[in-house]
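Heads up, the thing below is written out as structure tokens.
Numbered from 1 within each chain, the chains take letters A, B, ... in sequence-line order.
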Protein chains: 2
Amino acid sequence: MKRRVTLKDIARETGVHVSTVSRALDPVTRKAITAEVAEKIQAAAERLGYRPNRIAAGLRTNRTMTVGVMIPDITNVIFPPILRGIESVLEPLGYASIIVNTDGEKERESRLVNVLRDRGVDGIIHAAATRDDPMVARAAEDGMPIVTLNRRVEDGAIPFVINDEQSGICQMLRHLMELGHRSIAHIAGPQDLSTGQLRLAAFRDAMAETKLACDERLIATATHFDESEGARCVEQLLASGLRFTAVLCANDRLALGAIERLHEKGLNCPADVSVSGFNDMPFLNLIRPRLTTIHIEQHGAGQAAARLLVQLLNDAETDRLPTETVLPVRLVVRESTGPAPAP
Amino acid sequence: MKRRVTLKDIARETGVHVSTVSRALDPVTRKAITAEVAEKIQAAAERLGYRPNRIAAGLRTNRTMTVGVMIPDITNVIFPPILRGIESVLEPLGYASIIVNTDGEKERESRLVNVLRDRGVDGIIHAAATRDDPMVARAAEDGMPIVTLNRRVEDGAIPFVINDEQSGICQMLRHLMELGHRSIAHIAGPQDLSTGQLRLAAFRDAMAETKLACDERLIATATHFDESEGARCVEQLLASGLRFTAVLCANDRLALGAIERLHEKGLNCPADVSVSGFNDMPFLNLIRPRLTTIHIEQHGAGQAAARLLVQLLNDAETDRLPTETVLPVRLVVRESTGPAPAP
DNA sequence: TTGTAGGCGTTATCAG
DNA sequence: CTGATAACGCCTACAA
């Protein structure tokens, strides 16, 4: 293992003191150094192949230029674009990120928060927050800059970036009604996640506004945002014996699972039942029937969260910062929704 | 920002010297300490909420317990499972990983290698290696432990983990022949990537063995492993005017693109043309027609690479280590391949 | 403008 | 078994 070139090496090489070298190599302190000397030092640094040791600098300055990113599960296709969004703003600024998967397990989540703290991350982007998490709240209280993404934790004033769930649900409901649907079921997401909760609340509100009776029995609540729960919930709705011509699902995976199960039961989508999703995850255009859904800015959400965190990291006065950012959403009509069948 | 508890705080609290505290808290050096004292120290550590500062430790020991993971693009669904595989072995061992996306750009790749070196990663898992990369080779020469995954770099003795490309291509070709296909085209991957190259070579070899004439004009080479190149290549094959009843593609995305374009041209898959992929990426079972492909152990490959790297990190004698690991693959027959149509 | 010195939190090496 | 001391590489008052 070849030894790394350090400031000391350059100092020896150029005959000046380490501190001078340090200054010459830092663009902001360089101006306090004779141009000539500075150039000589830079040349030597280049020649020797000097690379600053961020670990040492981090120990000294208490800034590692590293941020932690917590997500439920990287194999969930919704997250990679978000990560690229985060990276796109953080990387140019010299930050690296440590990504951890919580698998939606609270215990794991708490443990990982500590892992990140131990590693001295400058801040955390938390895209896997449950509505209440003591460790996260504690970390925030201890002064760790934290931003949540897609989710929000209830107590505490942790800034967050979310999508306009309300508007999304509204747009979708309007779309279904324009197609003539009047009996509309909802497959709600897990209620311990803010998205699940917000979308359900939005559904109830929107239904109320339409003056359609919102039959509570036409709401099935999933325990996870996945296909099997979508299947289970639609089956539960079917079992209720109540008639419905459309199912508005709290996310795409629930919708996919629902469509599959409907198909197994001999019900065609969208001819017999229209089904809609939420998120517009990648690959949806390859899957038949192509799912009507609400598009959210995945990459943009990552960027927004990262920018917010960077502000938190730099500004001493964390007071006057947008504590909540709501990103716009957009209805994407594809093939899984169609005219309501005649009664 | 609440100040962190350090060894010094515990020392003050318990009235012993920092070095004693350090020893008492390290499971391996603890045995050299009076049980009584050790317990007192541990209790104090617990009470004060001590968390070791890995940065400081890293500076001292030259081990950051961090590894770099380089991939082309996290939004490519093939990579998340690999990352989970890596994490599954690294995390329990106390390692964290810094993931970077090269986007297949050589310049970016080189830069990122340096980013990782600057951060003092203990080693690198490189799943985005081009067949030759000077920076990677140089890092390896400088003593940075590196393992490549899915790809291999040509010169240098960098250990690698790959899939059994040869066997996969063979199995697929046999499958197609059993279905009666005799005119089989190949959409090859980029030749600057080892997978592209190995799979093309395997195709040629396998064709030679079957004693079927391997018409070079029935081989189209993609510049990228993506859908649009699959579409372009199949169109090129069509344009040649040569008859073919099956297209063996170097990966799933090329196959998906090819099927789509065939469909646009009025050719049905598999009725008119059979198409096969390679990789068995996630979601394939949701996409119609369900693609026949070669399954590779994505999660397992990540694990294998991580284990290999850990060995490199621990064993002084890096000599007697498996320099190449070849993972088994498996034919998965679904719907995109069928009997050859009558001539 | 440049050098000096001290310290960030740990761990390794000596003594005692 | 425990304490003292130095060092890892860098940054930053403060002094010159």
**OP:** Have a look at A:L59 and say if it touches a base, only the backbone sugar-phosphate, or nothing, with a 4.0 Å heavy-atom cut-off.
**Re:** base
Original post:
What nucleotide, of C:dT11, C:dG9, D:dC10, holds the atom closest to the side chain of B:N53?
Top reply: C:dG9
**OP:** Grab the CG-P distance between A:D9 and D:dG9 for me, whole Å please.
**Re:** 9 Å
Original post:
Does OP1 or OP2 of C:dC8 have a side-chain N or O of B:K8 closer than 4.0 Å?
Top reply: yes
Original post:
Nearest-Å distance, CD1 (B:I55) to P (D:dG9)?
Top reply: 15 Å
Subject >> A:T66 side chain to B:R119 side chain, donor-acceptor N/O pair below 3.5 angstrom >> reply: yes
Original post:
B:R54 and B:G94: which non-hydrogen atoms are nearest, and at how many Å?
Top reply: NH2-O, 3.4 Å
Original post:
Could one point to a donor on the side chain of B:R60 or the base of C:dT10 with an acceptor on the other under 3.5 Å away?
Top reply: no
Subject >> Considering all heavy atoms, the nearest A:H299-A:S88 contact >> reply: CE1-OG, 3.8 Å
Original post:
Any chance the side chains of B:N101 and A:E87 put a donor and an acceptor closer than 3.5 Å?
Top reply: yes
**OP:** Take atom CZ of A:R51 and atom C1' of D:dG9, then tell me their distance rounded to the nearest Å.
**Re:** 16 Å
Original post:
What's the spacing between A:H126 NE2 and A:F160 CZ if we round to 0.5 Å?
Top reply: 14.5 Å
Original post:
Between C:dT2 atom P and A:L7 atom CG, what is the distance in whole Å?
Top reply: 16 Å
**OP:** Enumerate the residues from residues 15-50 of chain B whose closest heavy atom to DNA chain D is under 4.0 Å, giving them by residue number; use none for an empty result.
**Re:** B:V16, B:H17, B:S19, B:T20, B:R23, B:A32, B:I33, B:T34, B:V37
Original post:
What closest approach, in Å, do A:I146 and A:V136 show between heavy atoms, and which atom pair accounts for it?
Top reply: CD1-O, 3.8 Å
**OP:** Look at B:R51 together with B:E46 and state whether they make a salt bridge at an N to O cut-off of under 4.0 Å.
**Re:** no
Subject >> Heavy-atom side-chain contact between B:L193 and B:F225 under 4.5 Å >> reply: yes
Subject >> Protein-nucleotide distance (B:R3, atom CZ; C:dG9, atom P), rounded to Å >> reply: 7 Å
Original post:
Tell me: CZ of B:R63 to P of C:dA12, nearest whole Å?
Top reply: 11 Å
**OP:** Please round to the nearest 0.5 Å and tell me the distance separating atom CD of B:Q298 and atom CG of B:N150.
**Re:** 8.5 Å
Original post:
Between the two ends of the helix from C:dT1-D:dA16 to C:dG16-D:dC1, what is the bend in degrees, rounded to 10 degrees, where each end axis spans five pairs?
Top reply: 50°
